[in-house]
Number of protein chains: 2
Amino acid sequence: MSEMTNSYDINEFKNPIFTVDSVLFTVKDDALKVLMVKRANEPFIGNWGLPGGFVDVDSDTTTDGTALRKLEEKTSVAPQYLEQLQVFSGNARDPRGFSVTLVYFALIPAQEVSSHIDTVDDVQWIDIKNINSLSIAFDHKVIIDQAKERLQQKALYSMVPVYCLPEYFTVGQLKSVIETIIGKTIQRKSLIRRIESTDMFETIDEKVKSGGRLAQQYKVKAGVDIVNFERNLSS
Amino acid sequence: MSEMTNSYDINEFKNPIFTVDSVLFTVKDDALKVLMVKRANEPFIGNWGLPGGFVDVDSDTTTDGTALRKLEEKTSVAPQYLEQLQVFSGNARDPRGFSVTLVYFALIPAQEVSSHIDTVDDVQWIDIKNINSLSIAFDHKVIIDQAKERLQQKALYSMVPVYCLPEYFTVGQLKSVIETIIGKTIQRKSLIRRIESTDMFETIDEKVKSGGRLAQQYKVKAGVDIVNFERNLSS
DNA sequence: AGAATAGTGTCTGTCAGACACTATAGA
DNA sequence: TCTATAGTGTCTGACAGACACTATTCT
């Protein structure tokens, strides 16, 4: 029966190890990057791992809180977008026994964290293309791959990539971020059609220079939800 | 740092309570139904709850195994389709403290379980429309609602609803199941186009009577993955 | 003027919706 | 023949892809 046994003991032996980790993405220098942390403890000491840790049942009200708290410890700011990716579990993925990791998938504009990250050397943006050449803790390589796939899918039918951009952004910037995420080019026209067909954005009066004609700036309207389109972009 | 503290103690005080629950759907008598279990223990004794329970770290290799094991205890068979829905967590959703529930979302043909279920009275298919008039344990009402939403979404861009049907099925049966799930009618023609455009199905030589002209039967090809379409049906 | 980027106009292609039409079984 | 369900033919509509064209800014 759900969530109970007859005499539940909170210290019951052989509970799974439960942790919360996050795959925080950003787009920087035209590359998709993940925030990784150099592990200071066993197991996998010295390897790169995802930021995360245990729930603090006294201060966290939900696991979302745990994810945010752990991310803020590493970046000093909260991501603009956070959603659950998936749980990864098993009796073989952690040498200490059966473990369960709830993985979140998050987005943030690069410049919101860069200044903080530059001052430490155990937290770093890793280019997704270099993951395979590094020593990665646990099954975090697989996890990152799953997260990347999800992000790429979402970029085809939603506007989530805007959360990799600063408050004000141009069509050109959004196009570039989307293209970096999905790894192929898209039609500028299609993007504009989508921007105009949703009610997610408002235009900013002041335009901005971009090497050519001044570009219209947009921002996400306050309090709007992400719109999902009923059709994918070229996939 | 992910998945460890300096001196991790598996019996550390104040770990969250971790359970695995499943929302098992079927379509029966033209209604979408969920498998619910009458709780025999506190908390919420006597209320209806989702089938689930604790991980058995000795026999389960992953949480998928936990979900399947718990479902088989109630139905005596394995569902045809199983995927993670979401984690629900918080310090307020269980009177015993911070709890984490990994919820799976599963599909099964009604006739595969009905004979077994009819012999017990603490396990039952509940019509989704009657959920609000029952006493439901924990936040399981909210969970079921989320699961229903996900199922409805999936029915618009994938063929998952076939997993509510027996091995051999007709277009008419599939159409009816989809319509029950999403709560509106769809075009028979659109469904046939989708069936023919994917490589998921094979036709069965023997046709079957259905009140009119004999109907072509289909089955899911062995070992195929679910196809996701790039467009939704009318939503 | 020429390069660079922003933005529009508009045609095509794909696929879902609509719905009339044909096919075939049983009463 | 009448009704019920299966299955086809085909037109329309929505929206993404393609790409030429115009607009504006800087050098």
Side-chain angles (χ1 to χ4, degrees), chain A residues 30 152-159 161 165 168-179 182-219 227-235, chain B residues 30 152-159 161 165 168-179 182-219 227-235:
Chain A
D30 287 315
Q152 290 181 330
Q153 261 319 104
K154 283 218 136 169
L156 296 177
Y157 65 80
S158 86
M159 286 294 190
L165 288 170
Y168 295 174
F169 60 89
T170 66
V171 173
Q173 289 174 321
L174 181 53
K175 175 165 181 286
S176 163
V177 164
I178 293 173
E179 289 175 342
I182 66 176
K184 59 183 86 174
T185 58
I186 60 169
Q187 293 286 324
R188 180 186 189 79
K189 181 75 185 189
S190 299
L191 182 56
I192 292 173
R193 275 192 289 238
R194 287 191 158 194
I195 290 173
E196 286 173 351
S197 76
T198 69
D199 216 30
M200 275 190 74
F201 306 104
E202 53 191 87
T203 56
I204 305 298
D205 281 344
E206 184 195 356
K207 306 201 174 186
V208 77
K209 61 179 117 185
S210 59
R213 175 175 169 179
L214 295 185
Q216 175 66 55
Q217 286 187 293
Y218 294 86
K219 66 171 286 198
V227 176
N228 289 324
F229 299 95
E230 280 168 23
R231 210 158 147 176
N232 281 4
L233 293 178
S234 75
S235 68
Chain B
D30 287 315
Q152 290 181 331
Q153 262 317 106
K154 284 218 134 166
L156 295 177
Y157 65 81
S158 88
M159 286 295 190
L165 287 171
Y168 295 172
F169 60 89
T170 66
V171 173
Q173 290 174 320
L174 181 53
K175 174 166 180 284
S176 162
V177 164
I178 293 174
E179 290 175 341
I182 66 176
K184 59 181 87 174
T185 59
I186 60 169
Q187 292 287 323
R188 179 184 189 81
K189 181 75 184 187
S190 300
L191 181 56
I192 291 173
R193 275 193 291 237
R194 286 189 160 195
I195 289 173
E196 287 173 350
S197 75
T198 70
D199 215 30
M200 275 190 74
F201 307 103
E202 53 190 88
T203 55
I204 305 298
D205 280 345
E206 183 195 357
K207 307 203 173 184
V208 78
K209 61 179 120 185
S210 58
R213 177 176 167 177
L214 295 185
Q216 174 66 55
Q217 290 188 102
Y218 295 86
K219 66 171 286 199
V227 177
N228 289 323
F229 300 95
E230 282 167 22
R231 280 195 212 193
N232 281 6
L233 293 178
S234 74
S235 67

Would you mind writing out the side-chain donor-acceptor pairs for residues 200-217 of chain B within the sub-3.5 Å range, not counting sequence neighbours?
{"from": "B:S210", "atom 1": "OG", "to": "B:R213", "atom 2": "O", "distance (Å)": "3.2"}
{"from": "B:Q216", "atom 1": "NE2", "to": "B:I204", "atom 2": "O", "distance (Å)": "2.8"}
{"from": "B:Q217", "atom 1": "NE2", "to": "B:E206", "atom 2": "O", "distance (Å)": "2.9"}

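Between A:S158 and A:N228, the shortest heavy-atom contact is CB-OD1, 3.4 Å. Counting all heavy atoms, side chain and backbone alike, A:Y157 lies closest to A:R194 at CA-NH1, 3.9 Å.
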N/O to N/O distances under 3.5 Å, protein versus nucleotides 9-14 of chain D:
{"from": "D:dG9", "atom 1": "N7", "to": "B:K189", "atom 2": "NZ", "distance (Å)": "2.9"}

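Considering only residues two or more places apart in sequence or on other chains, A:K154 meets the side chain to side chain donor-acceptor pair (under 3.5 Å) condition with A:Y81, A:E83. For A:D30, the side-chain contact (heavy atoms from CB on, under 4.5 Å) partners are A:S176, A:T180, not counting sequence neighbours.
Per the geometry, CZ belonging to B:F169 stands 15 Å off C1' belonging to D:dA6, to the nearest Å. Protein atom CD1 of A:I204 is 17 Å distant from nucleotide atom C1' of C:dA6, rounded to whole Å. Straight-line distance from the CD atom of B:Q217 to the P atom of D:dG7: 10 Å, rounded to whole Å. In this structure, CG of A:L233 is placed 17 Å from P of C:dT14, rounded to the nearest angstrom. A straight line from CG of B:L191 to P of C:dC15 spans 16 Å, rounded to a whole angstrom. Rounded to whole Å, atom C1' of D:dT8 lies 13 Å from atom CD of B:Q187. One interatomic measurement links the two molecules: NZ of A:K207 to C1' of C:dG7, which rounds to 9 Å at whole-angstrom precision. B:E230 places its CD atom 18 Å from the P atom of C:dG13, with the value rounded to the nearest Å.
Distances shorter than 4.0 Å separate none of the side-chain N or O atoms of B:S234 from OP1 or OP2 on C:dA16. Contact annotation: A:S190 reaches the phosphate of D:dG17 (side-chain N/O to OP1 or OP2, under 4.0 Å).
Residue B:Q216 is the one, among B:Q216 and A:I186, whose nearest nucleotide of DNA chain D lies closer to the 5' end (criterion: closest heavy atom).
Separating the CD1 atom in B:I182 from the CD atom in B:Q153 is a distance of 10.0 Å, to the nearest 0.5 Å. To the nearest 0.5 Å, atom CG of residue A:L165 and atom CE of residue A:M159 are 11.5 Å apart. For the atom pair A:E230 CD and B:L233 CG, the distance stands at 10.0 Å (nearest 0.5 Å). For the atom pair CD (B:Q187) and OG1 (B:T185), the distance works out to 7.0 Å, reported to the nearest 0.5 Å.
Sorted by residue number, the list of members of residues 170-178 of chain B with any non-hydrogen atom under 4.0 Å from DNA chain C is empty.
With distances taken from any side-chain atom of B:R188 to the nucleotides C:dA16, D:dG7, C:dG7, the minimum falls on D:dG7. Looking at the side chain of B:R194, the nearest of the listed nucleotides D:dT8, C:dA16, D:dT5 is C:dA16.
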Sugar-phosphate means primed atoms, P, OP1 and OP2; the rest is base. With that split, encode nucleotides 20-27 of chain C 5' to 3' as B, S or - using protein heavy atoms under 4.0 Å.
---BBS--
